[in-house]
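Side chains included, hydrogens not; waters and symmetry mates left out as well; all remaining heavy atoms used.
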Amino acid sequence: MSIAGAGRVWAVLALGILVTGCGASLGRQNRADIGRATLRDIQLHVPEVLADHGYTINQRRETRTRIYYETRWLYRAPFADEIDRGVQEVRTRFIVQGRRGGSDFYDVEIRVENAVRGILPSGDWSPLATPDFEDHMRSVSDELMMNINAGVRIRGPA
C-alpha cells in the first residue's frame, strides 16, 4: 500500500471514531425527563417557552394518551466551542412529548437534536453535542420544567 493510500485509511478510521464519538455524546445528552404536567400546562407553556428561545412549532399531535410537539430547525450561529471544532453551520430543534400516566397528569420528556456542518469532509450534517450546546439545552429544559411543575404544584392538594 502506498503512503497516500495508508493516509486515506487512517483518515477514514479517524473520521469513523469522530462520528461515533459525537453520536454517542449526543445520544447521552439530548434527552431529559422534565417532570409531570397537566395537559393544559403543556399546551400553554411548551409553545410559549420554545418561542421565547426562537423556536417555532412545526408539528403538534395530540391523542387521548399523548401529546407531541416538534419545532422547526432553528438555524443559529455556532457557539464558541462549536467554532473551535470547525463548525460552520448549526441547526437545532426541540421535541417535547407527554405521555399520560395516572390520573390527569402527563410524564413529559424533551429531546433536542443538534446538527452541524463543517466537521465532516463530505459537508453533510452530523450530530454534535458540545458543553455550550448542552448548557443551551439545559437552560431551555429547566425553564420548561419550572413552568410545567409550577402548574402541578398550584393544582396539588393544599
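At least one side-chain heavy atom of Ile110 sits under 4.5 Å from a side-chain heavy atom of Phe94. Taking the side chain as every heavy atom from C-beta outward, Phe105 and Leu39 never approach each other to under 4.5 Å. Proximity of Leu50 to Ile57: side-chain heavy atoms (C-beta onward) are separated by under 4.5 Å at one or more points. Residues Arg66 and Arg61 form no side-chain contact, since every pair of their non-hydrogen atoms from C-beta on lies 4.5 Å or further apart. At least one side-chain heavy atom of Ile95 sits under 4.5 Å from a side-chain heavy atom of Glu113. Annotation: side chain of Asn147 is not in contact with side chain of Asp41 (no heavy-atom distance under 4.5 Å).
Annotation for Ala37 and Val108: closest pair CB-CG2, 4.1 Å, computed over non-hydrogen atoms. The shortest non-hydrogen separation linking Gly54 to Leu74 is O-CD1, 3.5 Å. For the pair His136 and Phe79, the tightest heavy-atom approach, listed with the atom from each and the gap, is CB-CZ, 3.7 Å. Arg85 and Ile119 make their closest contact through O-CG2, 3.2 Å (heavy atoms, listed as atom of the first residue, atom of the second, distance). Scanning all heavy atoms of the two residues, the minimum distance from Tyr69 to Gln43 falls at OH-CA, 3.4 Å. When all heavy atoms of Ser126 and Leu120 are compared, the closest pair comes out as CB-CD1, 3.5 Å.
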Can you list the steps and then say if Arg111 with Glu70 is a salt bridge (Lys or Arg N to Asp or Glu O under 4.0 Å)?
CA-CA 9 Å; Arg111 188 172 77 228; Glu70 179 181 298; 5.8 Å; no
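Evaluation of the side-chain hydrogen bond (donor to acceptor under 3.5 Å, both in side chains) rule for Asp104 yields Arg100 as partners, not counting sequence neighbours. Under the rule for a side chain to side chain contact (heavy atoms under 4.5 Å, CB included), Asp33 has no partner lying at least two apart in sequence or in another chain. Remark: Tyr106 pairs with no residue by the ring-ring contact (aromatic ring centres under 6.0 Å, His included) rule, at least two apart or across chains. Residues passing the salt bridge (Lys or Arg N to Asp or Glu O under 4.0 Å) test with Asp84: none are found, sequence neighbours excluded. A search for salt bridge (Lys or Arg N to Asp or Glu O under 4.0 Å) contacts involving Arg91 returns nothing, not counting sequence neighbours. Residues that satisfy the side chain to side chain contact (heavy atoms under 4.5 Å, CB included) test with Arg64, not counting sequence neighbours, are absent from this structure. Among residues two or more places apart in sequence or in another chain, the side chain to side chain contact (heavy atoms under 4.5 Å, CB included) test is passed with Glu48 by His45, Asp52. Taking Ser122 as the reference, Asp124 meet the side-chain hydrogen bond (donor to acceptor under 3.5 Å, both in side chains) condition, with sequence neighbours excluded. Taking the salt bridge (Lys or Arg N to Asp or Glu O under 4.0 Å) definition, one finds that Arg72 meets it with nothing, sequence neighbours left out. Among residues two or more places apart in sequence or in another chain, the side chain to side chain contact (heavy atoms under 4.5 Å, CB included) test is passed with Gln88 by none. For Glu109, the salt bridge (Lys or Arg N to Asp or Glu O under 4.0 Å) criterion is met by Arg31, not counting sequence neighbours. Scored by the side-chain hydrogen bond (donor to acceptor under 3.5 Å, both in side chains) test, Ser141 finds no partners at all (sequence neighbours excluded).
Not a single donor-acceptor pair under 3.5 Å links the side chain of Glu143 to the backbone N or O of Val140. When atom types are taken as modelled, the side chain of Arg117 and the backbone of Gly123 share a donor-acceptor pair closer than 3.5 angstrom.
Considering Glu82, Arg93, Glu134 as possible partners of Asn114, the one that fulfils the side chain to side chain donor-acceptor pair (under 3.5 Å) test is Glu82.
Here Thr38 contributes atom OG1 and Ile148 contributes atom CD1; the two are 9.0 Å apart, rounded to the nearest 0.5 Å. Interatomic distance, Arg60 CZ to Ile42 CD1, rounded to the nearest 0.5 Å: 10.0 Å.
For the residue pair Thr92 and Arg76, a side-chain donor N or O sits within less than 3.5 Å of a side-chain acceptor on the partner. Residues Ser139 and Asp142 have side chains that never bring a donor and an acceptor to within less than 3.5 angstrom of each other.
Comment: Asp107 engages Arg36 in a salt bridge, judged by a side-chain N to carboxylate O separation of less than 4.0 angstrom.
Connection of Trp73 to Tyr55 is not established within any shared hydrophobic cluster, with ILVMFWY side chains joined at heavy-atom distances below 4.5 Å, either directly or through further cluster members.
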